[in-house]
Amino acid sequence: MEIDIFTLFPQWFEWLRQQRHIANVLASGSHIECVDFRAHTPLSGGQVDDTPFGGGAGMVLRVDVMEAALRARYGVDPVELRERRRVIALAPGGRVLDEPLVGELAAEPALTLLCGRYEGFDERILEHFASDVISIGRYVLSGGEPAAMVICDAVMRKLPGALGDERSAAEESFSDALEGNPEYPHYTRPAEYRGWGVPEVLLSGHHERIAAWRLERSRERGAGGAAAPS
Ligand code: ADE
């Protein structure tokens, strides 16, 4: 998979590249490239944003600046680009990211992530250049970069070789194996801690009973029947 991230802070993504499951995927031929749209602005002084028409606080990312950066990277009109590649603008009001959407994105050969700053994007970027607008939740971040990192993390861990043990992805929260429900509870040593025990079935060595118990706990969590801390 090829992920291009358009950002004013490309250096932030150095950390992301070093995280183990991301590094594993990058070592198997995937790429994360950052494009600093300030480097491509046609405006003087590195200007990328401007005050909103109609007044109000904050600055808005300019459509001409975004076009220049997209053209520099892909050599085509960004209006056409979105016909052949997912171009995702990150904004609090977009489609909220969930496991089915992560799965959909993980099946793409390439993604472009556009990180807004300040008051966000000139609306024409969303209308004419983006194929999708995605939010990581109904709250406002100072910019799209943390959201881009969340998408990279969630998408890349689905790619072959990301996790040491492929079973971790097959039977994790929201997977088909768990009927789309959150994952069952996990326990490890010590079996007894401050008087808090571990469900007896998990110590039984009886694989079928363990599998049935886990599926049941997972269903309960999906139904909101038990606390789902993880
Ligand atoms: N940019 C600012 N807030 C955001 C959010 N919640 N999701 C995605 N991008 C954002």
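In listed order, ligands and their atoms are each counted from 1. Excluded from the calculations below are hydrogen atoms, water molecules and symmetry mates; all remaining heavy atoms, backbone and side chain alike, are included.
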Practice prompt. Run the numbers for me: atoms of ligand 1, each under 4.0 Å from some heavy atom of S135, listed by number.
Written response: 6 (N), 7 (N), 8 (C)
Worksheet item: Do R62 and D50 meet the salt-bridge criterion of a basic N to acidic O distance under 4.0 Å?
Response: yes
Discussion item. A quick test of your reading: do over 12 heavy atoms of other residues, nucleotides or ligands sit less than 6.0 Å from CZ of R124?
Written reply: no
Worksheet item: Any chance the side chains of S142 and R117 put a donor and an acceptor closer than 3.5 Å?
Response: no
Worksheet item: What distance do I3 atom CD1 and F13 atom CZ have between them, rounded to the nearest 0.5 Å?
Response: 10.0 Å
Fill in: Taking atom 7 (N) of ligand 1 as the reference point, the nearest protein heavy atom with its distance
I136 N, 3.0 Å
Item to complete: Considering heavy atoms of the protein only, find what lies nearest to atom 8 (C) of ligand 1 and give residue, atom and distance to 0.1 Å.
Response: A147 CB, 3.5 Å
Discussion item. Polar contacts were defined as any N/O atom of the residue lying under 3.5 Å from an N/O atom of the ligand; does this apply to I134 and ligand 1?
Written reply: no
Worksheet item: How far is atom 6 (N) of ligand 1 from its nearest protein heavy atom, and which residue and atom is that?
Response: Y139 O, 2.8 Å
Worksheet item: Is the closest basic N to carboxylate O distance between R95 and E104 below 4.0 Å?
Response: yes
Fill in: CG (D176) with more than 12 external heavy atoms under 6.0 Å
no
Item to complete: Quick one: look at S142 and ligand 1, take heavy-atom pairs under 4.0 Å, and tell me if it's side chain, backbone, both or neither.
Response: neither
Worksheet item: Which is it for V87 and D132 under the side chain to side chain contact (heavy atoms under 4.5 Å, CB included) test, yes or no, and what are the steps along the way?
Response: CA-CA 6 Å; V87 178; D132 305 72; over 6 Å; no
Worksheet item: What residue and heavy atom of the protein are closest to atom 5 (C) of ligand 1, and at what distance?
Response: P92 CA, 3.6 Å
Item to complete: Write out the residue and atom name of the closest protein heavy atom to atom 3 (N) of ligand 1, then the distance separating them to 0.1 Å.
Response: L141 N, 3.0 Å
Worksheet item: Could a heavy atom of G137 be found less than 4.0 Å from some atom of ligand 1?
Response: yes
